[in-house]
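Both ligands and their constituent atoms are indexed starting at 1 by order of listing. Starting from 1, each residue takes its place in the sequence as its number.
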Amino acid sequence: MLDWEEAWRSALYGPSGFFVRGERPSGHFRTAPLIGQELASALLSLLDRVDHALGRPPVVDFVDMGAGGGELSAAVRELASGSLSRRLRVTGVDLAPDPSLPGVRWTSSLEPSVGLLVAHEWLDAIPCPVVQGPSDDPWLARWWPLGEGEWAEVGAPRDAAWASAVASVTGAALAIDYGHTADCRRPTLTGYRDGRQVAPVFDGSCDITAHVAFDSAAAAAGGSSVLVSQRDALSALGLTASVTDSDPMAWLEETARAGRIAELRAVGGLGDFGWLLHATGPVRVSDLLPPLPAWRPNPASFPTTD
Ligand SMILES: C[S@@+](CC[C@H](N)C(=O)[O-])C[C@H]1O[C@@H](n2cnc3c(N)ncnc32)[C@H](O)[C@@H]1O
């Protein structure tokens, strides 16, 4: 019988796996850090709130977990200013080769940190068992009960990964991803190659991904957390677009920026991503975000290959 998790792991992370051989995610799919620096700007606002709640420690970390090509790390390093910039340590964590970005440390495994850890589209790339029901798997029994012949992706490996990521940071940990909760489960395994969604093939030729079970990941990590939409979180962090300048060059730049922000907030697109935010140590979720509506899935954002 095919061991899906093992096949998935070796296709992405084996000796010549998709990510480990240095394949740049940017060549195959468009994530928010690749659109521009606007996500980094919003995350710096969040980091500033974490920093404030921690009492402005001498060194404050921004950890980019599953950093890919390091685009988010590089933008955070470049945009940081003032006292935060002087105390800021930016670390990209990935199994992929170090892209050698100025001011960005690169490691292949998590280290303890004090500040903000962001896992942008990391959890969806963690291989997990793909099973057909019925099954006596305890994770499925708790989070995704299966009927005869139904398929599911078992979230336990993502839960364990997220629990250790949250435990590694004093401050806050944020997973930004596409996902589902118990009331809207659906199998979502799919592949991406050269910018197109393709059938998942376990030969290292494409990225393989499945939506994240946000509710089980949150429960596994424990502590205080919220799950909100990217659209609402960006507004709460002050990322808004306005086009006001009458100078033609400034107008062009403002218009382009407004377009990038609209893409990050789009209904049926990146705006529907979930932000699973955990506060750790002395920090409280209420130090970081105002009360926001709970994240709801948009059926239009599920993959369409089935
Ligand atoms: C879908 S890509 C996202 C890249 C980037 N964060 C972005 O949004 O553009 C997932 C990344 O997670 C990395 N990754 C997966 N498991 C990892 C692990 N256990 N440790 C470090 N990096 C990991 C992969 O190598 C890959 O670069």
Side-chain angles (χ1 to χ4, degrees), residues 5-6 8-40 42-43 62-77 90-99 101 104-111 113 116-128 155-169 173-179 188-198 200 204 206-212 217 230 260 263-264 269-270 273-276 303:
E5 185 181 9
E6 196 36 54
W8 186 344
R9 178 164 296 110
S10 100
L12 295 192
Y13 306 112
S16 57
F18 182 81
F19 285 123
V20 172
R21 69 169 180 258
E23 200 72 48
R24 283 295 183 90
S26 53
H28 298 272
F29 44 86
R30 182 170 164 87
T31 62
L34 308 177
I35 291 173
Q37 296 193 325
E38 283 70 22
L39 178 69
L43 292 175
F62 179 87
V63 178
D64 183 4
M65 183 65 212
E71 292 85 357
L72 181 62
S73 301
V76 164
R77 181 63 275 174
V90 178
T91 305
V93 185
D94 209 290
L95 305 168
D98 181 354
L101 301 163
V104 177
R105 302 164 68 228
W106 201 257
T107 67
S108 58
S109 58
L110 268 177
E111 297 161 5
S113 61
L116 174 63
L117 176 146
V118 174
H120 190 273
E121 293 205 29
W122 172 52
L123 293 176
D124 71 78
I126 295 181
C128 57
R158 279 98 178 270
D159 293 359
W162 185 234
S164 53
V166 173
S168 74
V169 60
L174 171 65
I176 303 178
D177 229 307
Y178 34 85
T188 56
L189 186 75
T190 193
Y192 284 91
R193 183 191 302 124
D194 300 332
R196 284 202 315 279
Q197 194 175 356
V198 296
C206 60
D207 178 28
I208 299 168
T209 170
H211 286 212
V212 176
Q230 169 150 303
R260 295 192 293 270
E263 187 172 352
L264 294 180
L270 296 179
F273 272 41
W275 280 37
L276 174 59

Notebook entry, point to check: Should the ring pair His211 and Tyr178 be called parallel, tilted or perpendicular, given that the plane angle runs from 0 to 90° and is split at 30 and 60?
Noted result: tilted

Atom indices of ligand 1, in the order listed, that fall short of 4.0 Å to a heavy atom of [X]:
X	value
Met65	20 (N), 21 (C)
Gly68	4 (C), 27 (O)
Tyr13	14 (N), 15 (C), 16 (N), 24 (C), 25 (O)

Closest non-hydrogen atoms of Gly69 and Leu101, given as atom of the first, atom of the second and distance, are O-CD1, 3.8 Å

Note: Trp106 and Ala67 closest approach over all heavy atoms is CH2-CB, 3.5 Å

Of all protein heavy atoms, the one nearest atom 27 (O) of ligand 1 is Asp94 OD2, 2.7 Å

Nearest non-hydrogen protein atom to atom 16 (N) of ligand 1, with distance, is Trp122 NE1, 3.3 Å

Heteroatom proximity flag, [X] to ligand 1, N/O under 3.5 Å:
X	value
Asp64	no
Thr31	yes
Gly66	yes

Can you find a heavy atom in the side chain of [X] that is under 4.5 Å from one in the side chain of [Y]?
X	Y	result
Val169	Leu116	no
Thr107	Asp98	no
Ile35	Leu270	yes

Check: of Glu121, Glu71, His120, min heavy-atom distance to atom 8 (O) of ligand 1 comes from His120

Would you check if the side chain of Trp275 reaches a backbone N or O of Leu174 as a donor-acceptor pair within less than 3.5 Å?
-> no

